[in-house]
Amino acid sequence: MSSNVLATDSRYETDRRGVSAPYTAARECGSATAVLDLPAQRREATRRMEVTAQATPALNQMVDQTEVSMRVLVSDLIQLTKPRIVVMILVTTVATAMIAAGGPVSLGTLALLLLGTGMVAGSAGGANQIWERVIDRNMPRTAVRPLPSARMSTGMATAFTASMGTLGLAILWMGFSLTPAGVGLATWLLYVFLYTPMKTRTSWNTTVGAIAGALPMLIGYTALGGSLADETGWLLFGVLAAWQYPHFMAIAWLYRRQYEQAGFCMSTTVEPTGISAAIQSIVGSLAVIVCGVVLCCLSPGIVPAIVCSVAVLAATVPMLKASIRFARSRTDVTARRLLRSSLLVLPAVLAVVTIRVFW
Ligand code: HEM
Ligand SMILES: CC(C)=CCC/C(C)=C/CC/C(C)=C/COP(=O)(O)OP(=O)(O)O
């Protein structure tokens, strides 16, 4: 009997992985082993084992449900930040920081910069989702988000977004200077209070979105010693502002019906043939090449400038070609190819212009 109790107890301990109620029961049973030959105590021990055995499935279920809810909450909080956009913003931040520093940046400095920028960018994504929590129910693409699907309360999203944004700005200010924090705040305000309400009013929203999307280039740049008066910083801004046209026109085509049904005003809803979207993609791709080549030519040395310019061309031509193909035949297939190529082109061009600084 005694050995049975011990065997049962150790199974509970292992199974529950330290969860309090069954673990306490196990310890209680375990501590009673020295006097188990007394009949009353034996009956009591048996009764406790039966109660514990009956309670275990229910407790297991409760613990499992708590674990699942925690996992859903964490995943929802991540989703609220628009993580894929944040990751790409952080890729651009690494490049702009190294360009401003003129060489490698210490891991500690880079980590702090990425933390601050990522938190402000994530907070902007969260504020945009709070604003659009009702209209987002109208699009299958966004209806599954935590707020429109009512998995998260607006209060919780607001508290998370506000604290993350404030902390991110404080990191940029205290860890670096007022300029990157000011650019971060300006980007946040532009994205949330101008771009977001413009989405249902005019297709010019994309231009405002492109400015908001490109401004983070100046966060990394000014944090590591660059000035807002430098042409390099504004050319980097130009690369990202221009890149967003092919990037977003592909998306605007792919989701044109959803945008229209939900009441959003995009290039492809006001001009449904897609010709305007395609022209904007081609012009945007050409502008990426121009900004990239000028960046290559700013640093001294003719040979590195030529090699770098050719590399920028090689990196960007696939997106230009994809834009031209989309212009010739405006289908979901060509739009998807354009979107995919845009996601590869941005890191590639930034890698080239960053390497040029080290050369
Ligand atoms: C006018 C500005 C922009 C607009 C309107 C825009 C819009 C969007 C939309 C609607 C999506 C979701 C597509 C989907 O659900 O399949 C998306 C995806 C994405 N965007 Fe943008 N975006 C813009 C700028 C940016 C910027 C500045 C970055 C980062 C530097 C960025 C990076 C990304 C990434 C990495 C994805 C994920 C693509 C994927 O899931 O395959 N976007 N964008
Ligand atoms: C540091 C800092 C503040 C960075 C923020 C940069 C930023 C918010 C870039 C996003 C650019 C953008 C316009 C995305 C599309 O949003 P959308 O609302 O059109 O996308 P949705 O339809 O998926 O909601």
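Read the numbers this way: they start at 1 and go in the same order the structure lists the ligands and their atoms. Atom set for the values below is all heavy atoms of this structure, side chains included, hydrogens, waters and symmetry mates excluded.
Residue contacts with ligand 1, taken as heavy atom pairs separated by less than 4.0 Å, involve Q244 solely via side-chain atoms from C-beta onward. Residue-level proximity to ligand 1 for V87 is absent, since no heavy atom of it falls below 4.0 angstrom.
Put simply, no part of G125 is less than 4.0 Å from ligand 2, judged by heavy atoms. The shortest separation from a heavy atom of E132 to ligand 2 is under 4.0 Å, placing the residue in contact. Put simply, no part of Q129 is less than 4.0 Å from ligand 2, judged by heavy atoms.
Ligand-side atoms of ligand 2 in range of I219: 1 (C), range being under 4.0 angstrom from any heavy atom. Each of the atoms 16 (O), 17 (P), 18 (O), 20 (O), 21 (P), 23 (O), 24 (O) of ligand 2 lies under 4.0 Å from some heavy atom of K82.
For atom 6 (C) of ligand 1, the nearest protein heavy atom (residue, atom name, distance) is F248 CD1, 3.8 Å. Looking from atom 7 (C) of ligand 2 to the surrounding protein, the closest heavy atom is I89 CD1, 4.2 Å.
Counting only distance, with no hydrogens or angles, the side chain of E271 and the backbone of T273 share a donor-acceptor pair below 3.5 Å.
Salt bridge present: R71 and E67 bring a charged side-chain N and a carboxylate O closer than 4.0 Å.
The N/O atoms of R141, backbone and side chain alike, include one that comes under 3.5 Å of an N/O atom in ligand 2.
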